[in-house]
Visitor: 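Before we start, here is the structure in question, set down as structure tokens.
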Protein chains: 2
Amino acid sequence: MTSDCQKLSSVLQLWDKSLIVEGQRQMRNTQTMPELELQSPGKQPTIRDVAELAGVATSTVSRALTNPGRVNHVTRERIEEAAAQLNYIPSSQARGLSSGRTQTVAVLVPDITNPFYFDIIRGTQHQLKAAGYTQLLVDTEESADMEADALQKMRRSADGFILAASRLTDEQLTEAAAQQPLVTINRAPAIAPTVVIDTPSAIIQALEHLVSLGHTKICFVGGPATSWSNAKRWQAFQVETKERELTTSSVGPFAPKTTSGAAAADAAVHTGATACIVFNDLLAIGMLQRLRERGIRVPEDMSIVGCDDIFGADFCNPPLTTMASPIEQAGRVAVSMLLSRLNPQYGGTSRRLAVMPTHLTVRASTGAAPAH
Amino acid sequence: MTSDCQKLSSVLQLWDKSLIVEGQRQMRNTQTMPELELQSPGKQPTIRDVAELAGVATSTVSRALTNPGRVNHVTRERIEEAAAQLNYIPSSQARGLSSGRTQTVAVLVPDITNPFYFDIIRGTQHQLKAAGYTQLLVDTEESADMEADALQKMRRSADGFILAASRLTDEQLTEAAAQQPLVTINRAPAIAPTVVIDTPSAIIQALEHLVSLGHTKICFVGGPATSWSNAKRWQAFQVETKERELTTSSVGPFAPKTTSGAAAADAAVHTGATACIVFNDLLAIGMLQRLRERGIRVPEDMSIVGCDDIFGADFCNPPLTTMASPIEQAGRVAVSMLLSRLNPQYGGTSRRLAVMPTHLTVRASTGAAPAH
DNA sequence: CAATTTTTGGCAATCGCTTGTCATCCCTAT
DNA sequence: ATAGGGATGACAAGCGATTGCCAAAAATTG
């Protein structure tokens with residue numbers, strides 16, 4: 001225990017000399033320090049303070065700040081100056097309460113740690129901020145129930161929703177869409193406005209690529225059963241392979257995580273296929289690892305095509321051939337679609353469907369079919 | 001153009017048969033569909049409706065819902081039942097307005113697409129949700145100004161802040177900490193309550209590891225100049241290498257992104273070192289790529305140690321030896337520290353510092369020093 | 001059984017802002 | 001010069017909860 005403390009204090013030393021003494025009486029990795037009080041926010045200036053300082057009525061201040069055209073130019077400047085001087089920030093709560101709008105959009109994703117969604121999130125965040133909206137990020141943990149729940153619980157606190165790769169059933173989705181404005185990403189159009197990443201057409205490219213390399217036995221490695229994207233990719237795969245008279249197989253469903261890759265790889269190998277089209281990159285990367293462990297060479301013995309071109313697809317081993325999607329842009333477009341509904345006055349044609357093009361990015365995980 | 005449309009419509013077919021007709025008159029990747037109206041949320045039930053249905057006063061409803069002990073058990077059940085029946089959700093806006101609390105915590109991270117922060121975010125999200133708080137995620141884009149700005153703008157809409165790897169100056173941080181409750185992650189203690197990931201002691205482990213492999217010329221590859229973590233790692237590196245009488249060098253600062261890896265790799269190679277301790281995994285992975293391009297073998301010619309053990313560190317090529325951090329846990333602890341300040345009644349000892357242990361994870365990017 | 005304490009529940013003010021209504025003022029056009 | 005009209009700004013009523021204060025009811029005590 002003593003040596004523990006000493007070791008730890010020597011570590012603390014590296015952070016801050018002043019901590020050494022404290023460090024000696026600390027317990028494990030926790031330490032109570034002299035209480036430096038943590039301020040609670042003092043009284044904040046209100047619209048009334050600003051009005052007073054500017055010598056106008058509060059309503060004038062409100063209009064000057066939210067509806068600038070409604071107020072005299074010079075008066076408005078005076079008000080803005082006063083506001084700045086007082087460091088005034090309107091309370092979004094009060095604002096929302098009386099106006100009925102929250103200026104907030106909730107973005108629901110199935111798994112916050114899946115890199116695919118990072119880019120979506122970044123796209124939505126960017127576009128929302130530009131429009132003066134706040135983004136509320138929700139991780140629904142791949143669960144339709146949690147998704148429905150969040151949708152319910154937050155209906156008062158968000159003006160609209162963006163559902164990325166929703167796991168809801170069509171019924172649930174229809175119901176949700178009737179309750180509040182929402183836009184889906186990668187989900188059947190018609191139920192709600194949707195941004196679709198055109199992976200089916202990328203599947204065609206991927207198949208052509210594999211065929212050109214001599215592959216004839218191709219396996220589809222499926223993702224989550226409740227994923228609409230997965231269904232569409234599978235559908236495209238079936239249609240296109242039939243047209244080309246290829247020998248196909250499929251395995252799955254698998255969770256879209258690298259940890260599912262081992263099972264997926266084993267199953268795919270077992271089918272005798274020489275190439276796999278995999279639901280997404282996460283799964284594909286997991287497969288790559290497993291295949292190496294088993295001594296199955298990629299791409300000499302087995303070619304792998306992923307989907308999404310996420311972070312990591314370029315530096316895994318071997319780098320992954322994948323169907324690249326403009327993910328961040330999809331997030332942005334989804335926000336535009338939602339906002340144009342939320343604020344019809346600013347119009348823009350209210351599209352109900354946006355299709356994002358994709359393309360195949362060939363790296364090292366695909367190669368000529370093995371000569372048997 | 002016609003062929004464009006045809007190609008596209010054949011793609012649409014894969015999504016939804018009902019879209020084929022629509023598909024034919026679509027423009028490029030956009031399409032306007034018959035307007036299926038997007039509901040605006042109807043009248044929401046208020047606390048008054050619940051009170052009426054339950055046959056009590058609104059204040060009773062309010063108490064029953066927020067302060068259950070204050071109300072008769074059976075009455076409360078009746079109220080809860082009524083609330084459930086009406087599908088009542090309290091308006092967080094109105095609640096916040098009158099109570100002064102928002103039940104929201106803002107989490108500020110420098111780069112939302114940096115995997116290091118994913119885990120932080122997931123940790124905070126998890127813990128906040130468990131406590132009934134909402135997380136507001138903000139990407140400050142590695143900018144101290146944006147960070148300060150967000151802190152200002154959101155002071156009304158969040159009860160507290162968590163600053164992950166803040167880029168603020170000490171002065172800015174001190175000022176911010178005086179204005180609102182906040183907890184920092186990986187930042188100097190003393191200014192504000194902090195969760196520190198103990199990378200300095202991991203640096204010791206890393207150095208011992210490298211020394212045991214025979215390395216004597218070691219280069220520190222630095223991260224952002226405004227990063228406190230970077231400063232501390234550098235400091236630890238200096239102290240420990242001096243004690244061991246190693247030949248050292250340093251390069252940087254570099255942005256903590258894979259794209260900076262090329263410059264970092266070239267610079268590090270130029271110093272003649274046989275091993276690098278790199279600010280973080282992102283940079284290290286970028287270096288790995290560059291080194292391969294240049295035909296410098298890892299670890300035969302050069303050993304690389306990263307930091308953080310982020311997503312990707314295990315499947316890059318070669319898999320990265322790195323100093324692993326309990327990142328998600330750091331996020332969770334930060335939230336606990338913040339909440340125990342926000343709600344002193346629920347107490348818990350208000351720690352001002354939590355130190356998260358780290359350890360070295362050895363993979364394939366480190367090996368014996370080259371015989372010269 | 002009366003007196004006292006403890007629960008329980010209702011009233012009404014309040015939070016900070018938006019917004020409908022209306023009075024005022026200044027221009028313009030006749 | 002004066003009526004008509006458009007800008008501009010003041011007033012006050014909410015928005016939907018919370019909460020301090022107090023009254024009524026119930027439980028406890030002697």
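Throughout, a chain's letter reflects where its sequence line sits, starting with A, and its residues are numbered from 1.
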Visitor: May I ask you to say what B:T58 touches in the nucleic acid, namely base, sugar-phosphate or nothing, with a heavy-atom cut-off under 4.0 Å?
Guide: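 Nothing: the residue B:T58, judged by heavy atoms under 4.0 Å, touches no strand.
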Visitor: What is the minimum heavy-atom distance between A:L342 and A:D159, and which atoms define it?
Guide: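 That would be CD1-O, 3.7 Å.
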Visitor: Scan B:S62 against the nucleic acid and name what it touches under 4.0 Å (heavy atoms): base, sugar-phosphate only, or nothing.
Guide: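 Counting heavy atoms under 4.0 Å across all strands, the contact made by B:S62 includes a base.
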Visitor: Please report the closest heavy-atom contact between A:A330 and A:M356, naming both atoms and the distance.
Guide: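 Minimum heavy-atom separation between A:A330 and A:M356: N-CE, 4.0 Å.
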Visitor: Testing the basics here: between A:A164 and A:P110, what is the closest heavy-atom pair and its distance to 0.1 Å?
Guide: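 Distance-wise, the nearest heavy atoms are O-CD, 3.3 Å.
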Visitor: Can you tell me which nucleotide in C:dG9, D:dA17, C:dT19 comes closest to the side chain of A:S99?
Guide: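 Given the options C:dG9, D:dA17, C:dT19, the side chain of A:S99 is closest to C:dT19.
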Visitor: Without decimals, in angstroms, what is the distance between A:H73 NE2 and D:dA7 C1'?
Guide: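 A:H73 atom NE2 is separated from D:dA7 atom C1' by 16 Å.
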Visitor: Could you check how far CZ of B:R76 sits from P of C:dT8, rounded to whole Å?
Guide: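 From B:R76 CZ to C:dT8 P: 11 Å.
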Visitor: Within this structure, what is the CD-to-C1' distance between B:Q93 and D:dG14, rounded to whole angstrom?
Guide: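 Atom CD in B:Q93 sits about 15 Å away from atom C1' in D:dG14.
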Visitor: At less than 4.0 Å, is any side-chain N or O atom of B:T75 found next to OP1 or OP2 of C:dG9? Yes or no.
Guide: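 Yes.
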Visitor: Answer with yes or no whether the side chains of B:S92 and B:Q103 bring together a donor and an acceptor at under 3.5 Å.
Guide: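 No - no donor-acceptor pair under 3.5 Å links their side chains.
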Visitor: Rounded to whole angstrom units, what separation is found between the CG atom of B:L65 and the P atom of D:dT19?
Guide: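 Value for this atom pair: 13 Å.
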Visitor: In whole angstrom, give the distance that lies between atom CD of A:Q44 and atom C1' of C:dC15.
Guide: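 Interatomic distance, CD of A:Q44 to C1' of C:dC15: 14 Å.
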Visitor: Ignoring the backbone of A:A94, work out which of C:dG16, D:dA10, D:dA17 is nearest its side chain.
Guide: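 It is C:dG16.
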Visitor: In whole Å, I'd like the distance from the CD1 atom of B:I47 to the C1' atom of C:dA12.
Guide: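 Result: 14 Å.
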Visitor: Restricting to non-hydrogen atoms, name the atom on B:L353 and the atom on B:P189 that form the minimum distance, rounded to 0.1 Å.
Guide: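 Nearest pair, atom of B:L353 first, then B:P189: CD1-CG, 3.9 Å.
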Visitor: Please report the distance, rounded to the nearest Å, between CZ in A:R48 and P in D:dA10.
Guide: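 So the two atoms are 14 Å apart, to the nearest Å.
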Visitor: Distance only, no hydrogens: is a donor on one side chain within 3.5 Å (strictly under) of an acceptor on the other, for B:S157 and B:T102?
Guide: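 No, no side-chain donor-acceptor pair sits under 3.5 Å.
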Visitor: If you take all heavy atoms of B:A150 and B:L108, which pair is closest and at what distance?
Guide: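 Shortest heavy-atom separation between B:A150 and B:L108 comes out as CB-CD2, 4.3 Å.
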Visitor: Classify A:V56 by what it touches in the nucleic acid, base, sugar-phosphate, or nothing, heavy-atom distance under 4.0 Å.
Guide: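 Here A:V56 touches the backbone only, sparing every base.
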Visitor: Just by distance, do the side chain of A:R76 and the backbone of A:A64 share a donor-acceptor pair under 3.5 Å?
Guide: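 Checked: no pair found.
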Visitor: Need one value for B:S92: base, sugar-phosphate or nothing, where a base atom within 4.0 Å counts as base even if backbone is also close, heavy atoms only.
Guide: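 It contacts nothing in the nucleic acid.
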Visitor: Taking atom types as they are modelled, would you say the side chain of A:R63 forms a donor-acceptor pair with the base of C:dG20 within the 3.5 Å cutoff?
Guide: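 A donor-acceptor contact between them is present.
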Visitor: Counting side-chain heavy atoms from CB outward, which of C:dC15, D:dT18, C:dG9 is closest to B:L97?
Guide: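 The listed nucleotide nearest to B:L97's side chain is C:dC15.
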Visitor: Between atom CD in B:E52 and atom C1' in D:dA17, what is the gap in whole Å?
Guide: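 From B:E52 CD to D:dA17 C1': 17 Å.
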Visitor: By nearest atom, which of the nucleotides C:dG9, C:dG16, D:dA17 is closest to the A:R156 side chain?
Guide: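 Selected nucleotide (nearest to the side chain): D:dA17.
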Visitor: Indicate, with a heavy-atom threshold strictly under 4.0 Å, whether A:S59 touches base, sugar-phosphate, or nothing.
Guide: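 Touches a base.
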Visitor: With the criterion being N/O to N/O and under 3.5 Å, what pairs connect the protein with nucleotides 5-7 of chain C, and how long is each?
Guide:
none

Visitor: Just call it for A:R101: base, sugar-phosphate, or nothing, with non-hydrogen atoms closer than 4.0 Å on any strand.
Guide: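 A:R101: backbone/sugar contact only, no base atoms under 4.0 Å.
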Visitor: Identify, between A:R95 and B:G55, the residue whose nearest nucleotide on DNA chain C lies closer to the 5' end.
Guide: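 So the residue in question is B:G55.
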